[in-house]
Amino acid sequence: MTASETVSKAELHAFVDGQLDDARRREVAEHLATHPEAAERVAAYQAQKAALRELFNPVLEEPLPQSLAARRPTRTRIHLFWAAASVVLFIAGGITGWRVQEVMQVDKAQEITVARRAAVAHAVFTPQRRHPVEVTADEETHLVRWLSKVLGAPLRAPRLGEFGFSLVGGRLLSAEVGPAAQFMYQDEKRRRITLYVVTDARWSGTTEFRFAQEGPVSVFYWINGPVGYGITAELSRPELLRIARAVYDELQPAPKPN
Amino acid sequence: MSDVRHLIVEQIPHLRRYARALVGDRGQADDLVQDCLERAWSRMDLWASGTNMRAWLFTILHNLHLNTARKYHNTPTLTTLEIGVKSLPVRPTQEDRLEITGVWRAFSRLPEPQRAALLLIALEEMSYEEAATVLDIPVGTLMSRIHRGREKLRRMMSDADRTELESNE
């Protein structure tokens, strides 16, 4: 009795799937030559496999929908690695177009990084219908305590009720320096505002309240001690300014924006 | 970091293909992929550098799919497929197309664990070990799903052939 006479079911599949070594593959082929019933099975399996590939391989060639499209940054690299594969066409393409006003001589690069991250995180998560946040506002106490603990800074979710926005919830994110947090708010028209918070132990001192804009997205941002904040929405500058001021005041009563 | 990004980005079309075949509906499939990417990015620190990115991403996708299916008491069979006959790749004869859509019809009636196993093997050409890792099952279980799935398809297809012959003019 030769090796080719005994072939297991599993080996027929492995033959179809190219998962046998060469020697065994030849033996199975010999077996098939003399066992029409097994050969017929193998042919059927192969046809099934080919049909599935024919049905679905075209998906590989489809252009990615905007929500998944990958666009490489053209000049300046965005450091948020997850920005890259996504979602954020306008940011990726337009980093060089960032308009930053009122910039002072403090470390500009770090601040702009905060603003960018805030904007990118906003662009990634606000379109989400099913999972805009990780923890919902129902568990606000838990959310705030959890994020404060992870970021190592006492956080608060400011109240935006007077502007018609209520807290949806929040999520933990990673910036390359460490953890970051995002709180999301929504109004009745389902417009969304996000507050992005990131900590970096190397930061010290306080920066002014600043504004950046990319396309329809406005960001007000500032750094206070080791904590950087960015508040982002697709609202006009004056509209967002009123809200951002309230947030700034609530989070940091000391120096007021002018 | 950019290497990681590249590793993720190059898998996106593959994740979409698998999700489309698993879920059927294009929008739902892309939502699933987007959820998967989000989760991957937010848990990047859990990916051990140098290990298999593809298996890691497919595992995330698969788990998300199971959760969603559980949440929505997933309907047992697929009903729609956006790749209709007219968007199938051009093939010489109408019969070929019928056979392919026939395979799809039969395939969509398989239990989901069998479909998932067959898709990872057929579309991604994963090794049995890799597919078993993604599905978090022993290789033996994977093999039995593959076997049952293929045999069932084979029976359904030959029944369909018979029906077709009988109903031919």
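Because the structure is a prediction, the values reported are computed rather than measured.
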Is A:Glu61 close to chain B through its backbone or its side chain, or both, or neither, when contacts mean heavy atoms under 4.5 Å?
neither
Check ion pair B:Glu151-A:Lys9 (N to O, under 4.0 angstrom)
no
Test side-chain contact (heavy atoms from CB on, under 4.5 Å) applied to A:His131 and B:Arg39, step by step:
CA-CA 11 Å; A:His131 309 296; B:Arg39 180 149 311 195; over 6 Å; no
Check: A:Arg53 side chain, B:Ala122 main-chain N or O, donor-acceptor pair, under 3.5 Å:
yes
Heavy-atom proximity to chain B below 4.5 Å, by part of A:Arg41:
both
About how many Å separate CD1 of B:Ile146 and CG of A:Leu12, when rounded to the nearest 0.5 Å?
12.5 Å
Within 6.0 angstrom of A:Glu40 CD, more than 12 heavy atoms from elsewhere:
no
Has A:Gln19 got a side-chain atom pairing as donor or acceptor with B:Tyr128's backbone, closer than 3.5 angstrom?
yes
Do A:Val16 and B:Arg150 come within less than 4.5 Å of each other through their side chains, counting heavy atoms only?
yes
Show, in sequence, the C-alpha distance, side-chain angles and deciding distance for A:Asn57 and B:Arg17, and conclude whether the side-chain contact (heavy atoms from CB on, under 4.5 Å) test is met.
CA-CA 7 Å; A:Asn57 279 353; B:Arg17 177 176 63 174; 2.4 Å; yes
Would you name the heavy atoms of A:Gln48 and B:Leu153 that are closest together and state the gap between them?
NE2-CB, 3.3 Å
Minimum-distance pair of heavy atoms, taken over all atoms of A:Leu64 and B:Arg16:
CD2-CD, 3.5 Å
With side chains defined as the heavy atoms from C-beta onward, is the minimum distance between B:His14 and A:Leu60 less than 4.5 Å?
yes
Could you have a look at B:Arg154, B:His147, B:Met143 and say which one has the most heavy-atom pairs with chain A under 4.5 angstrom?
B:His147
Of all the heavy-atom pairs spanning A:Lys49 and B:Ile121, show the shortest one and how long it is.
CE-O, 3.9 Å
Check whether A:Ala50 gets within reach of chain B through its side chain, its backbone, both or neither, counting any heavy atom under 4.5 Å.
neither
